[in-house]
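In what follows, a structure is listed as structure tokens, so that the remarks can point back to it.
The structure displayed is predicted, hence computed values, not measured ones.
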Amino acid sequence: MPYIKSKKDLPASAVLDIKSQKCGLRHTVFSVSGDEYTGEWRNNKKHGKGTQVWKESGAVYDGEWKCGKRDGRGTYSVLIPESKEYVRKYCGQWKEGKKHGYGTYFYKTSALYEGEWNEDQRSGWGRMYYDNGDIYEGEWMNDKNHGEGIIRFTNGNWYEGSWRDGEKNGNGKFYYCDKGQLYVGLWVNGSAKCGTLTDFGRGEAPTPPKYPIPKVFLQFQVLGEKSEECQRKRNQS
């Protein structure tokens with residue numbers, strides 16, 4: 001019959017170490033820095049559901065943990081010193097301590113982002129509500145507008161098309177609803193480079209130009225060649 005070593009055969013220091021290992025649901029545990037955690041543990045690490053309070057900043061995280069890191073769904077809130085009230089900063093999914101997956105981030109002002117995250121950065125699909133009332137909806141990469149997206153401005157104008165590194169880049173349409181005009185063409189680093197500007201909804205526009213845009217007939221081949229030239233320059237930059 002094999003010999004099984006019991007706790008009685010272990011040194012006193014080893015037994016004490018086993019008893020001190022946190023596993024399962026525990027009451028509040030305080031760290032040397034004054035931070036406190038209330039919740040579940042596994043193998044001496046925060047694992048499961050729990051609430052962490054950071055003493056120095058006053059921030060609070062309430063949600064899921066895995067191997068000592070925020071992982072799963074949870075809410076991160078900060079303390080406002082003047083009012084002594086907590087406000088949410090982020091509510092959504094986490095992975096290995098970082099915002100990852102779908103979640104909503106509340107900025108210090110009225111700005112708000114809801115959408116996909118990748119390692120603490122806006123990446124994937126998302127909708128951004130800016131302080132001035134503008135709204136962007138579309139693709140993101142590395143915390144910037146990147147891919148296909150639409151931005152609607154507070155004055156009623158809007159753009160739909162391609163983005164790169166936070167700026168309009170590639171083919172896109174800009175609707176000047178205040179003037180009743182439409183630009184269709186190529187954009188480079190936020191500026192229109194090659195395209196056509198026509199009247200669009202001029203009768204309903206609040207501030208249309210005095211004269212309508214005259215119709216100009218341009219050979220398609222000429223416009224196409226110019227567009228290709230701008231595209232090559234954009235790719236080289």
Practice task
Starting from the C-alpha separation in whole Å, work towards a yes-or-no answer on side chain to side chain contact (heavy atoms under 4.5 Å, CB included) for I135 and I151.
Solution key: CA-CA 6 Å; I135 302 174; I151 186 167; over 6 Å; no
Handout entry: Linked, directly or transitively: W187 and F153 (ILVMFWY side chains, under 4.5 Å)
Key = yes
Problem - Non-hydrogen atoms of E56 and D35 that approach each other most closely - result: N-OD1, 4.5 Å
Practice task
Treating Ile, Leu, Val, Met, Phe, Trp and Tyr as nodes and any side-chain heavy-atom pair under 4.5 angstrom as an edge, say whether V184 and I150 lie in one connected cluster.
Solution key: yes
Practice task
Supply the atom-to-atom distance K144 NZ to H146 NE2, rounded to the nearest 0.5 angstrom.
Solution key: 10.5 Å
Fill in the blank from the handout: Separation between CD (E82) and CD1 (I80), nearest 0.5 Å, reads 7.0 Å
Problem - Interatomic distance, N142 atom CG to S123 atom OG [nearest 0.5 angstrom] - result: 5.5 Å
Problem - Residue list, side chain to side chain contact (heavy atoms under 4.5 Å, CB included) with D71, at least two apart or on another chain - result: K66, K95, E96
Practice task
Return yes if some donor-acceptor pair links the side-chain N/O of D178 with the main-chain N/O of T207 below 3.5 Å, else return no.
Solution key: no
Problem - Heavy-atom side-chain contact between Q52 and V60 under 4.5 Å - result: no
Exercise for the section: Kindly give the heavy-atom pair with the smallest separation between K49 and W65, and that separation in Å. Expected result: C-CD1, 4.4 Å
Problem - Sidechain-backbone polar pair: N157 side chain, C177 backbone, donor-acceptor under 3.5 Å - result: yes
Problem - Hydrophobic cluster identity match, V53 and V78, side-chain contacts under 4.5 Å - result: no
Exercise for the section: Show your working on side chain to side chain contact (heavy atoms under 4.5 Å, CB included) between R152 and D134 and close with a plain yes or no. Expected result: CA-CA 6 Å; R152 302 179 185 276; D134 297 344; over 6 Å; no
Practice task
Please check if the distance between the ring centroids of W117 and Y90 is under 6.0 Å.
Solution key: yes
Problem - R202 side-chain N/O to P209 backbone N/O, donor-acceptor pair under 3.5 Å - result: yes
Exercise for the section: Decide whether a cation-pi geometry holds between K46 and Y37; the criteria are a distance under 6.0 Å from NZ or CZ to the six-membered ring centre and an angle within 45° of the ring axis. Expected result: yes
Handout entry: Listed once per pair and sorted, the salt bridge (charged side-chain N to carboxylate O under 4.0 Å, His left out) pairs that draw on residues 101-127, sequence neighbours left out
Key = K99-D120, E114-R127, R122-D143, R127-E137
Handout entry: Test log, rule ring-ring contact (aromatic ring centres under 6.0 Å, His included), inputs F174 and W158
Key = CA-CA 6 Å; F174 198 105; W158 54 291; 9.1 Å; no
Problem - Side chain proximity check, L197 to L182, heavy atoms < 4.5 angstrom - result: no
Practice task
Walk me through it: do M128 and L112 pass the test side chain to side chain contact (heavy atoms under 4.5 Å, CB included)?
Solution key: CA-CA 6 Å; M128 181 74 195; L112 179 150; over 6 Å; no
Practice task
State, with a plain yes or no, whether a side-chain heavy atom of Y136 is found less than 4.5 Å away from one of N145.
Solution key: yes
Handout entry: Side-chain H-bond candidate by donor/acceptor type, S162 with E148, under 3.5 Å
Key = yes
Fill in the blank from the handout: Residues at least two apart in sequence or cross-chain that pass side chain to side chain contact (heavy atoms under 4.5 Å, CB included) with D62, listed by chain then number, are T51
Practice task
Over all heavy atoms of both residues, which pair between W94 and T75 is shortest? Give the atoms and the distance, please.
Solution key: NE1-N, 4.5 Å
Exercise for the section: Consider only side-chain heavy atoms of I, L, V, M, F, W and Y, link residues closer than 4.5 Å, and tell whether V87 and Y107 are in one cluster. Expected result: yes
Handout entry: Flag, side chain of W140 to backbone of G126, donor-acceptor distance under 3.5 Å
Key = yes
Problem - N171 side chain near L186 side chain, heavy-atom distance below 4.5 Å - result: yes
Exercise for the section: Look up atom OG1 in T28 and atom CD in E36, then write down how far apart they are to the nearest 0.5 Å. Expected result: 6.0 Å
Handout entry: Gap between atom CZ of F200 and atom NZ of K173 - 0.5 Å precision
Key = 8.5 Å
Handout entry: Heavy-atom side-chain proximity of Y183 to Y175 below 4.5 angstrom
Key = no
Handout entry: Residue pair N169 / W163, side-chain heavy-atom distance below 4.5 Å
Key = no
Practice task
With rounding to the nearest 0.5 Å, note down the distance linking OG1 in T104 to OH in Y129.
Solution key: 9.5 Å
Exercise for the section: Find out whether C91 and R73 are in side-chain contact, i.e. whether some heavy atom of one side chain is under 4.5 Å from a heavy atom of the other. Expected result: yes
Exercise for the section: Establish whether Y130 and Y159 are linked, either directly or via other cluster members, by ILVMFWY side-chain heavy-atom contacts under 4.5 Å. Expected result: yes
Practice task
Please examine the side chains of W125 and Y102, heavy atoms only from C-beta on, and report whether any two atoms are closer than 4.5 Å.
Solution key: yes
Exercise for the section: Spell out, as yes or no, whether a donor-acceptor pair under 3.5 Å connects the side chain of H47 to the backbone of C67. Expected result: yes
Practice task
Without swapping roles, check the side chain of Y61 against the backbone of E64 for a donor-acceptor pair under 3.5 Å.
Solution key: yes
